[in-house]
Amino acid sequence: MEDIKDSRDIEALVNTFYGKIQQDPLLAPIFAEKIPADAWAPHLQTMYRFWNTQLLGEKEYLGNPFAKHRNLPIDAAHFTQWVKLFHETVDELFRGALAATAKVKAEAIGKVFLSKILFERGLYGPSMAAGTDL
């Protein structure tokens, strides 16, 4: 197994990962409500740009991903499952430093998004700061 090395690898990662998302009992309904079947191709294109920027340093994605997530009916369980599926997908497809970086970045994104969502809902306090595991 090789490491993530180019945009084709990012596409394989994204396609495999979101294929799992669409089948997941917890996450699929959230995504289905926000992304109609005919909108998946543009969404995947955005995710290719996002992960190309995150992992390959390509300056392809300019946006505010949190804004799209802030009002979703999601909580820690959703982020935990999202990270789990992301890690599984990376581990199935790749091995190496960039693959490890992808998993760290996904986990960090999950933690930041969850923290912001909980804060905006008035549910995040000092007791949560150290105890949010994903």
Side-chain angles (χ1 to χ4, degrees):
M1 217 177 289
E2 294 186 23
D3 202 358
I4 297 168
K5 59 188 172 310
D6 58 30
S7 61
R8 287 184 311 253
D9 292 336
I10 297 293
E11 287 181 22
L13 172 62
V14 167
N15 290 341
T16 304
F17 173 62
Y18 282 99
K20 290 179 181 191
I21 292 285
Q22 290 175 306
Q23 300 301 313
D24 186 79
L26 180 63
L27 299 176
I30 302 296
F31 280 82
E33 185 175 319
K34 293 296 178 183
I35 305 172
D38 63 345
W40 269 99
H43 177 71
L44 294 174
Q45 291 294 321
T46 299
M47 294 299 91
Y48 302 153
R49 290 190 301 275
F50 177 81
W51 286 105
N52 278 334
T53 299
Q54 292 294 312
L55 298 174
L56 302 177
E58 310 280 335
K59 300 299 182 205
E60 296 179 2
Y61 179 83
L62 298 172
N64 180 358
F66 178 69
K68 305 238 184 228
H69 295 81
R70 76 176 351 126
N71 293 317
L72 295 175
I74 52 179
D75 58 25
H78 296 92
F79 283 103
T80 299
Q81 184 64 5
W82 185 89
V83 169
K84 177 181 174 274
L85 292 176
F86 193 90
H87 281 215
E88 285 177 5
T89 305
V90 170
D91 288 343
E92 288 170 12
L93 299 174
F94 305 104
R95 292 279 186 275
L98 210 49
T101 297
K103 294 191 299 185
V104 169
K105 284 187 176 257
E107 191 164 335
I109 290 164
K111 285 182 178 181
V112 168
F113 280 22
L114 177 60
S115 294
K116 285 181 163 187
I117 287 170
L118 293 175
F119 180 80
E120 288 183 0
R121 293 176 185 169
L123 302 172
Y124 188 90
S127 63
M128 290 284 303
T132 305
D133 288 332
L134 292 181

Please name the pair of heavy atoms, one in [X] and one in [Y], separated by the smallest distance, quoted to 0.1 Å.
| X | Y | result |
| --- | --- | --- |
| E120 | F66 | OE2-CE2, 3.5 Å |
| Q22 | A28 | O-CB, 3.3 Å |
| E107 | V83 | CA-CG2, 4.1 Å |
| F50 | P65 | CE1-CG, 4.1 Å |

Working to the nearest 0.5 angstrom, can you tell me the gap between [X] [atom1] and [Y] [atom2]?
| X | Y | atom1 | atom2 | value |
| --- | --- | --- | --- | --- |
| N52 | M47 | CG | CE | 11.0 Å |
| L85 | E92 | CG | CD | 9.5 Å |
| L13 | L55 | CG | CG | 7.5 Å |
| D9 | K5 | CG | NZ | 4.0 Å |
| I117 | I74 | CD1 | CD1 | 4.0 Å |
| I10 | R49 | CD1 | CZ | 13.5 Å |

(request) Say whether, by atom type as modelled, one donor and one acceptor occur between the side chain of T53 and the main chain of E58 under 3.5 angstrom. (result) yes
(message) For residues 2-27, which residue pairs pass the ring pair (Phe, Tyr, Trp, His ring centres under 6.0 Å) check, not counting sequence neighbours?
(response)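 Passing the test, one end in residues 2-27: F17-W82, F17-F86, Y18-F31, Y18-W40, Y18-H43.
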(request) Check salt bridge (charged side-chain N to carboxylate O under 4.0 Å, His left out) between E88 and all other residues, then give those that pass, not counting sequence neighbours. (result)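 Counting only residues at least two positions away or on another chain, E88 forms a salt bridge (charged side-chain N to carboxylate O under 4.0 Å, His left out) with K84.
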(message) Quick test of your reading: applying side-chain hydrogen bond (donor to acceptor under 3.5 Å, both in side chains), list the pairs with at least one residue in residues 23-39, sequence neighbours left out, ordered by first then second residue.
(response) D24-Q81
4.5 Å side-chain heavy-atom contact, [X] and [Y]:
| X | Y | result |
| --- | --- | --- |
| I4 | W51 | no |
| D91 | K103 | yes |
| H78 | L26 | yes |

(message) More than 12 heavy atoms of other residues, nucleotides or ligands under 6.0 Å from CD of E2: yes or no?
(response)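 No, because the 6.0 Å sphere around CD of E2 holds 12 heavy atoms or fewer from other groups.
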(request) Return the set of residues passing ring-ring contact (aromatic ring centres under 6.0 Å, His included) with Y48 (not counting sequence neighbours), or none when no residue passes. (result)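 Partners of Y48 under the ring-ring contact (aromatic ring centres under 6.0 Å, His included) test: none.
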(request) Mind checking side chain to side chain contact (heavy atoms under 4.5 Å, CB included) for A37 and listing every partner two or more places apart, or none if nothing turns up? (result) none
(message) Taking side chain to side chain contact (heavy atoms under 4.5 Å, CB included) as the definition, give me every residue that meets it alongside A97, ordered by chain and number, with sequence neighbours left out.
(response)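 Side chain to side chain contact (heavy atoms under 4.5 Å, CB included) check on A97 returns D3.
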